[in-house]
Amino acid sequence: KWFDYSLKEIKNEYSSSPPVRLFIMGDNVWRDEQEFPLARTQYTKYFLHSVKGANGVKGDGVLSQTPPGAEPPDRFDYDPNNPVPTIGGRLCCGQALPPGPADQRANESRSDVLVFSTPPLMQDVEVTGFISLELYASTSAVDTDFTALLVDVDQSGYARFLTDGIVRARYRESTERASESVAGKVYKYTIDLWATGNVFKVGHHIRLYVSSSNFPRFNRNLNTGEEILAASRSVTAHQNIYHDAQYSSVLILPVIPKLAGQSK
């Protein structure tokens, strides 16, 4: 019927129906919209916080709408010979590595995975649209990667994959040309996590993982600055993630307010 309307100009439901149809996870409903991103989107900042360290799920990493004050940076070591393994997600065509909304808990105990979570939600929060992470970080390497992954954690602890992204340090300003990366210098990295449509239900947690690998979904950065195909060695990178008054790392979520009369 869509081809009839698009190619044959037959006046059917596609000539008058809303141009966008979304499936909203959590509520598990289809919904028609007039545009995407949605005009009523409220881009909401969730700042990264920790005091003792956000390494692994037993750390004290927090997502909060309160800006940070004086907080120490989080630190972890990224060893290209021991990358964070990919678990499900936006994958295609392979049976050895199945795609989908897999439980990410197997990676939560790693010291090279920083975990930032909201407290249990007091009300439903719909996140529908494009997501980004503004990350302030430094590295001991001449080049490295930083990764981000967003999950929905229910009361049982199941950490359901929603979306992810990555940035390469030397291409932080442009994918067309490399920029110099000075070891130890703090840079701002914008990580594009693409888009999702999900309602985080009451009692759930919004959770963000920050690391430097997601393999084999993304090729490993060997941290040497060599071209990938010509690389002959690797080094461990010592990473610092900043979240203080000067360097406020923040997750930006497209929060959708409920419409008048909307039951869910």
Just by distance, do the side chain of [X] and the backbone of [Y] share a donor-acceptor pair under 3.5 Å?
X      : Y      : value
Tyr187 : Val182 : yes
Arg172 : Tyr189 : no
Thr44  : Gln42  : yes
His243 : Gly69  : no
Ser211 : Asp112 : yes
Glu35  : Ala39  : yes
Glu9   : Leu7   : no
Ser174 : Glu176 : yes
Ser212 : Tyr78  : no
Asp74  : Ala54  : yes

Quick one: closest heavy-atom pair of [X] and [Y], and the distance?
X      : Y      : result
Lys201 : Asp124 : NZ-OD2, 3.0 Å
Pro68  : Phe47  : CD-CD2, 3.7 Å
Ala159 : Tyr209 : CB-OH, 3.5 Å
Ala195 : Thr163 : O-OG1, 4.0 Å
Val202 : Gln123 : CG2-CA, 3.5 Å
Phe146 : Ile241 : CE2-CD1, 3.8 Å

Are [X] and [Y] connected in the hydrophobic side-chain network, where two residues link if heavy atoms are under 4.5 Å apart?
X      : Y      : value
Phe130 : Ile256 : yes
Leu135 : Leu114 : yes
Ile131 : Phe116 : yes
Val210 : Val167 : yes
Leu208 : Tyr46  : yes

What I'd like to find out is whether the side chain of [X] reaches to under 4.5 Å of the side chain of [Y], using heavy atoms alone.
X      : Y      : answer
Val113 : Phe76  : no
Gln104 : Arg160 : no
Val127 : Val199 : no
Glu71  : His49  : yes
Leu97  : Pro216 : yes
Arg220 : Ser213 : no
Thr196 : Met25  : yes
Arg75  : Ser138 : no

Notebook entry, point to check: Taking the six-membered ring of Phe23, is NZ or CZ of Arg31 closer than 6.0 Å to its centre and within 45° of its axis?
Noted result: no
Between [atom1] of [X] and [atom2] of [Y], what distance do you get to the nearest 0.5 Å?
X      : Y      : atom1 : atom2 : result
Ile87  : Arg105 : CD1   : CZ    : 10.5 Å
Glu134 : Lys188 : CD    : NZ    : 4.0 Å
Leu162 : Asn198 : CG    : CG    : 4.5 Å
Ser234 : Asn81  : OG    : CG    : 4.0 Å
Arg170 : Ser181 : CZ    : OG    : 8.5 Å
Lys45  : Ile252 : NZ    : CD1   : 5.5 Å

Next item on the list: Could you give me the CA-CA distance, side-chain angles and deciding distance for Ile206 and Val151, then say whether side-chain contact (heavy atoms from CB on, under 4.5 Å) is met?
Entry: CA-CA 6 Å; Ile206 302 171; Val151 299; over 6 Å; no
Notebook entry, point to check: Between the side chains of Glu126 and Thr128, does any donor sit under 3.5 Å from an acceptor?
Noted result: yes
Next item on the list: Ignoring hydrogens and angles, state whether a donor on the side chain of His204 or Asp154 is under 3.5 Å from an acceptor on the partner side chain.
Entry: no
Is [X] salt-bridged to [Y], going by a charged N under 4.0 Å from an acidic O?
X      : Y      : value
Asp60  : Lys52  : no
Asp152 : Arg207 : no
Arg90  : Asp164 : yes
Glu180 : Lys185 : no

Note to self: So, applying side chain to side chain donor-acceptor pair (under 3.5 Å) with Asn214, which one of Asn107, Thr86, Thr147 is it?
What the structure shows: Thr86
Checklist line | Member of Thr139, Thr224, Asn223 meeting the side chain to side chain donor-acceptor pair (under 3.5 Å) criterion with Thr144 | finding: Asn223
Item checked: Derivation of the salt bridge (Lys or Arg N to Asp or Glu O under 4.0 Å) call for Glu33 and Arg21 -> CA-CA 6 Å; Glu33 297 285 352; Arg21 170 161 264 213; over 6 Å; no
Next item on the list: Show your reasoning for whether ring pair (Phe, Tyr, Trp, His ring centres under 6.0 Å) applies to Phe3 and Tyr14.
Entry: CA-CA 10 Å; Phe3 282 111; Tyr14 284 98; 9.9 Å; no
Notebook entry, point to check: How about Tyr247 and Tyr242: are their ring centroids closer than 6.0 Å?
Noted result: yes
Checklist line | Full working for side-chain contact (heavy atoms from CB on, under 4.5 Å) between Asp77 and Asp79 | finding: CA-CA 6 Å; Asp77 289 343; Asp79 179 0; over 6 Å; no
Next item on the list: For side-chain contact (heavy atoms from CB on, under 4.5 Å), just list the numbers for Ser117 and Leu63, CA-CA rounded to whole Å, side-chain angles, deciding distance to a tenth of an Å, and then say yes or no.
Entry: CA-CA 5 Å; Ser117 305; Leu63 286 177; 5.9 Å; no
Notebook entry, point to check: After noting the C-alpha distance and the side-chain angles of His205 and Gln155, does the key distance pass the side-chain contact (heavy atoms from CB on, under 4.5 Å) rule?
Noted result: CA-CA 8 Å; His205 303 264; Gln155 290 91 334; over 6 Å; no
